[in-house]
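Following: one structure in structure tokens, then a few remarks.
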Amino acid sequence: MKQFILCISLLLAIQVNGQAQQSVISLLQKKDFPSFKLYIDSAFKKGIQASWVINRDIVSEYQEAVVEVAEKEPLKKKNYRTHHYTINLLATRTDIFYYKLTERIDTDDDIPGSMATDETTNHFIDEAKYTMFEKTFKDVYGVALDRRDIFLTSIVYGSSCGIAGEDPAYMQRLSTLIVEKNLTTIRSWLKSANTEKQLYAIAGYKALAKQNYHLTNEENNLIKLISNI
């Protein structure tokens with residue numbers, strides 16, 4: 001089954017002013033994904049709490065990742081302000097070819113008049129490698145990649161989640177699609193760059209197969225591919 005890590009949040013706290021920002025930005029600028037991954041994975045050993053929101057394959061050697069960082073900067077009189085970083089990136093096994101770093105600064109609630117500052121971003125894209133990524137996706141899935149499905153963290157996969165025991169929105173929608181035998185939408189989910197949509201599509205095909213729907217060769221092959229990523 002496609003491997004991925006989902007986390008509700010990530011905290012990265014350090015004692016030296018600006019250290020996290022400079023380390024993360026310098027690693028991004030080097031475009032070396034193994035080094036960046038090692039930094040995040042080993043941050044705890046350096047006294048830093050770190051994790052991934054998303055770190056998963058999309059197609060072939062191409063993968064997406066979302067990292068969130070919260071850095072506390074000490075101020076006078078034991079107050080502090082927090083730098084929040086969100087990093088969206090695309091990479092091969094070796095190279096980062098796209099990233100977007102977003103920063104928001106919140107000041108301590110104990111400081112009179114403190115407030116959040118506007119967001120700023122640091123952005124990079126290697127157009128040639130991004131084009132190759134999109135071409136590879138289309139070669140495998142037979143459709144153009146929808147960029148809106150990249151870095152998408154709002155979709156929850158599963159059933160009967162939460163205290164109320166209600167199915168997530170996409171599970172509820174899938175149930176309707178199965179009743180309607182809406183193969184167009186289910187097939188579009190199977191060919192999505194988003195893992196959760198793909199998993200819902202596979203669940204939909206399994207349900208339809210029990211209703212004597214015969215999957216096409218393409219559908220069978222994509223399900224096998226997704227299940228083995």
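In summary, the side chains of Trp52 and Asp41 do present a donor paired with an acceptor at a separation below 3.5 Å, with no hydrogens or angles considered. Remark: the Gln198 side chain and the Tyr141 side chain contain an N/O donor-acceptor pair separated by less than 3.5 Å. No side-chain N or O of Tyr170 forms a donor-acceptor pair with one of Glu196 less than 3.5 Å apart.
Side-chain atoms of Tyr205 never come within 3.5 Å of backbone atoms of Ile186 as a donor-acceptor pair (strictly under, hydrogens ignored). Judged by distance alone, the side chain of Glu119 and the main-chain N or O of Glu103 form no donor-acceptor pair under 3.5 Å. A donor-acceptor pair is defined here as one N or O able to donate and one able to accept, closer than 3.5 Å; no such pair exists between the side chain of Ser227 and the backbone of Lys224. Distance alone, capped at 3.5 Å, places no donor-acceptor pair between the Ser192 side chain and the Ser188 backbone. Between the Gln172 side chain and the Ala169 main chain, no donor and acceptor come within less than 3.5 Å of each other.
Comment: Lys30 does not engage Asp32 in a salt bridge, judged by the lack of any side-chain N to carboxylate O separation of less than 4.0 angstrom. Note on Glu134 versus Arg147: salt bridge recorded, some NZ/NE/NH1/NH2 to OD/OE distance being below 4.0 Å.
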Leu101 and Asn88: side-chain contact (heavy atoms from CB on, under 4.5 Å), yes or no, with the steps?
CA-CA 7 Å; Leu101 182 147; Asn88 295 346; over 6 Å; no
Please report the C-alpha distance between Phe133 and Ile58 in whole Å, then the side-chain angles of each, then the deciding distance to 0.1 Å, and finally whether the side-chain contact (heavy atoms from CB on, under 4.5 Å) criterion is met.
CA-CA 10 Å; Phe133 161 56; Ile58 295 180; 3.9 Å; yes
Determine, step by step, whether Leu145 and Ile150 satisfy the side-chain contact (heavy atoms from CB on, under 4.5 Å) criterion, reporting the C-alpha distance in whole Å, the side-chain angles of both residues, the deciding distance to 0.1 Å, and the verdict.
CA-CA 9 Å; Leu145 181 144; Ile150 302 176; 3.5 Å; yes
Decide yes or no on side-chain contact (heavy atoms from CB on, under 4.5 Å) for Asn194 and Arg56, but give the supporting numbers first.
CA-CA 10 Å; Asn194 176 261; Arg56 59 196 182 191; 3.5 Å; yes
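Annotation: His214, atom NE2; neighbour count of heavy atoms from other residues, nucleotides and ligands within 6.0 Å does not exceed 12. Within 6.0 Å of atom CG in Asn217, 12 or fewer heavy atoms from other residues, nucleotides or ligands are found, so the atom counts as exposed in its surroundings.
Within the structure, side chain to side chain donor-acceptor pair (under 3.5 Å) contacts touching residues 89-98 (residues at least two apart or in different chains) are Asp57-Arg93, Thr92-Thr94, Asp95-Lys129.
Phe137 has its ring centre no less than 6.0 Å from the ring centre of Tyr62.
For the pairing with Tyr99, the ring pair (Phe, Tyr, Trp, His ring centres under 6.0 Å) check across Tyr130, Phe33, Phe124 returns one residue only, Phe124.
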